[in-house]
There are 2 protein chains.
Amino acid sequence: MQPTPMLVAVDLVVLTLRSGELEALLVRRGVEPYAGRWALPGGFVEPGEDLVDTAVRELGEEAGIGRLRPHLEQLATYGSPDRDPRGRVVSVAYLALVPDPGDPVAGSDAADAAWRAVGTLGRSRSLAFDHARILRDGVERARAKLEYTSLAAALIPEPFTVNELREVYAAVWGVEPDPRNFHRKVTSADGFVVETHATTTRGGGRPARLYRRGPAVQLHPPMLRG
Amino acid sequence: MQPTPMLVAVDLVVLTLRSGELEALLVRRGVEPYAGRWALPGGFVEPGEDLVDTAVRELGEEAGIGRLRPHLEQLATYGSPDRDPRGRVVSVAYLALVPDPGDPVAGSDAADAAWRAVGTLGRSRSLAFDHARILRDGVERARAKLEYTSLAAALIPEPFTVNELREVYAAVWGVEPDPRNFHRKVTSADGFVVETHATTTRGGGRPARLYRRGPAVQLHPPMLRG
DNA sequence: TAAATAGTGTCTGTAAGACACTATTTT
DNA sequence: AAAATAGTGTCTTACAGACACTATTTA
């Protein structure tokens, strides 16, 4: 029995922190199916192109985000037979975390693009295809990985203060960690952040030391959320 | 520009515990490419078939494992353009953890099947395609998830003793948890195991209480490995 | 009885969370 | 000075790990 060829796409859950909220990048579809509806950025894998290269290419095309060296990891693959009315399309989803790149520029195959707070999107049916589900999975992955990795630092521009890093946890988890305990944990966790010699007063009050992302990927000990 | 159709396969990393060792199910390929080489069980996704259904079907076909109600989760997707000499094949890998089902029965498209200790397989180039890489990722996923989920119980038959559960951690992590502290942690972790009223002396010594898998998926607190 | 495994109690060190207190800026 | 944010120290509680001790079986 001959195997059946299928179309393979890459869809992106691109998250950032804007004005204290976790937001996702969406594009408004210009063509059927779901024309006019919001969707995750994505596109088909080209011949000879590795999956992650498709993700990187789409990141650049859809929002000029490539230059920001985002954190990029594979999320999951969605292949329900009826997820795309055009036929059998298997979608490999990637999760990207980037510092806020500002308002997006519309790409070639997107009539419009915008950042939207993730709060209500996951539950809604406003997104095309099964993208609400994919977005929800991506947000949940990000939430979970903040706990035991240094991923939070990927959502804000360098250099950053400890308080700016704390605001990432506040936005993503919806809880306000104690600023004093948070400070102690971050600066004592091995390799989470490395200090620069500069300070800033952009937050008001006493000057805060500026930090860059440290070499650690896994955090020991982890940042716990209750 | 028209997107290029590709073949989509599902490959399985099936792990179990046999004679104190973590072992993976392998099949010997009967056809080219890589004829005669060991590979992960797997097959192409059929039209109208969901990815996870392909995984379940292959589990049944390749080793009659379906009846064991294995833990099954998606692992990752591998789509390097040159990973299969026949052409472009994207493979969605699933991780299955099962209680030891005994020696496998050869399936239809496998000349032979066998359990192999994972210790050296990951590093070797003896497996077909990129299956050594996939196996390594699966084992690493299992190792990591033992820490904060109740997955260990999926590798042994029910009902089990606390000591049998401890042997799972010993085999997968390569460390021997203290039996006394382990006992306290397992029985006090919320929903990890539920006790039956039966006991057994199959381990020798004082009769040990028998347990079944509890309702918990995430463990609070987690089982730490140093 | 000895040997083996099952299970409980106790101690110590580490770290999370609560929060008092000091430090350095702007208004 | 007052207000704001940055950063340190201290206390309490929880729990991981070490390990003494008791419990219940087989040989």
Side-chain angles (χ1 to χ4, degrees), chain A residues 20 146-148 152-153 156 159-171 173-212 216 218-226, chain B residues 20 146-149 152-153 156 159-170 173-212 216 218-226:
Chain A
L146 280 206
E147 190 152 352
Y148 58 96
I156 47 177
F160 50 83
T161 69
V162 171
N163 200 49
E164 286 158 1
L165 187 60
R166 191 180 63 89
E167 283 165 354
V168 176
Y169 287 88
W173 285 353
V175 300
E176 287 279 349
D178 182 279
R180 298 155 294 183
N181 292 334
F182 184 86
H183 190 283
R184 186 159 24 88
K185 265 167 92 160
V186 164
T187 53
S188 68
D190 202 43
F192 193 176
V193 296
V194 295
E195 64 177 55
T196 69
H197 294 296
T199 61
T200 181
T201 57
R202 62 184 174 229
R206 168 175 168 180
R209 195 184 303 278
L210 288 165
Y211 294 85
R212 294 187 176 278
Q218 301 274 327
L219 289 187
H220 287 286
M223 313 290 296
L224 300 176
R225 38 168 175 169
Chain B
L146 280 207
E147 191 151 355
Y148 57 94
T149 72
I156 48 178
F160 49 83
T161 68
V162 171
N163 200 49
E164 285 159 3
L165 187 60
R166 191 179 64 90
E167 283 165 354
V168 176
Y169 286 87
W173 284 354
V175 300
E176 286 281 348
D178 182 279
R180 297 155 297 182
N181 293 334
F182 184 86
H183 189 283
R184 187 160 23 89
K185 266 166 92 159
V186 164
T187 52
S188 67
D190 202 42
F192 191 175
V193 296
V194 296
E195 63 177 54
T196 69
H197 294 296
T199 60
T200 183
T201 58
R202 63 186 173 225
R206 171 176 168 179
R209 196 185 302 278
L210 288 165
Y211 294 84
R212 295 187 175 278
Q218 301 275 327
L219 289 186
H220 287 286
M223 314 289 295
L224 300 177
R225 41 168 173 167

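What you see is a predicted model, and the numbers here were worked out from it, not measured in a lab. Lettering of chains follows the sequences in order, A, B, ..., and the numbering in each one begins at 1.
In this structure, CZ of B/Phe182 is placed 17 Å from P of D/dC15, rounded to the nearest angstrom. A straight line from CZ of A/Arg209 to P of C/dT24 spans 12 Å, rounded to a whole angstrom. The CZ-C1' distance, from B/Phe160 to C/dA6, rounds to 16 Å in whole Å. Put simply, CZ on A/Arg166 is 13 Å from C1' on D/dG7, counting in whole angstrom units. Note: NZ (A/Lys185) to C1' (D/dT8) measures 17 Å, nearest angstrom. The distance between atom NE2 of B/His220 and atom P of D/dA16, rounded to the nearest whole Å, is 13 Å. Atom CG of B/Leu165 is separated from atom C1' of C/dT5 by 16 Å (rounded to the nearest Å). Rounding to whole angstrom units, OH of residue B/Tyr211 and P of C/dA6 are separated by 11 Å.
Atoms OG1 and CZ, on A/Thr196 and A/Phe160 in that order, are 9.5 Å from each other to the nearest 0.5 Å. Between atom CZ of residue A/Arg212 and atom CD of residue A/Glu195 there is a gap of 13.0 Å, rounded to the nearest 0.5 Å. For the atom pair CD of B/Glu176 and OH of B/Tyr169, the computed distance is 14.0 Å after rounding to the nearest 0.5 Å. We find the OH-CE distance between A/Tyr148 and A/Met223 to be 15.0 Å, quoted to the nearest 0.5 Å.
When the side-chain nitrogen and oxygen atoms of B/His183 are compared with OP1 and OP2 of C/dG7, one or more of them lie within a distance under 4.0 Å.
For A/Arg206, the salt bridge (charged side-chain N to carboxylate O under 4.0 Å, His left out) criterion is met by no residue, not counting sequence neighbours.
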Begin from the C-alpha positions of A/Leu210 and A/Arg202 and carry the test side-chain contact (heavy atoms from CB on, under 4.5 Å) through to its verdict. CA-CA 11 Å; A/Leu210 288 165; A/Arg202 62 184 174 229; 3.4 Å; yes
Taking it one step at a time, do B/Asp190 and B/His220 satisfy side-chain contact (heavy atoms from CB on, under 4.5 Å)? CA-CA 7 Å; B/Asp190 202 42; B/His220 287 286; 5.9 Å; no
Please evaluate residues A/Glu167 and A/Asn163 with respect to the criterion side-chain contact (heavy atoms from CB on, under 4.5 Å), reporting the C-alpha separation (whole Å), side-chain torsions for both, the decisive distance (0.1 Å), and the verdict. CA-CA 6 Å; A/Glu167 283 165 354; A/Asn163 200 49; 3.7 Å; yes
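Within residues 188-204 of chain B, the residues that have a heavy atom under 4.0 Å from DNA chain C are, in order of number, B/Gly203, B/Gly204.
Within a 6.0 Å radius of CG in A/Asn181, more than 12 heavy atoms belonging to other residues, nucleotides or ligands are found.
Counting non-hydrogen atoms under 4.0 angstrom, B/Pro221 reaches the backbone sugars and phosphates but no base.
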For nucleotides 18-22 of chain D, list the nitrogen or oxygen atoms of the protein found under 3.5 Å from its nitrogen or oxygen atoms, one pair per line.
unit_1	atom_1	unit_2	atom_2	d
D/dA18	N7	B/Asn181	OD1	3.3
D/dA18	N7	B/Asn181	ND2	2.7
D/dA18	N6	B/Asn181	OD1	3.1
D/dA18	N6	B/Arg184	NH2	3.1
D/dC19	N4	B/Asn181	OD1	3.2
D/dA20	N7	B/Arg180	NH1	3.2
D/dA20	N6	B/Arg180	NH1	3.4

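Along DNA chain C, the nucleotide nearest B/Ala208 and the nucleotide nearest A/Pro207 are compared for position; the residue whose nucleotide lies closer to the 5' end is B/Ala208.
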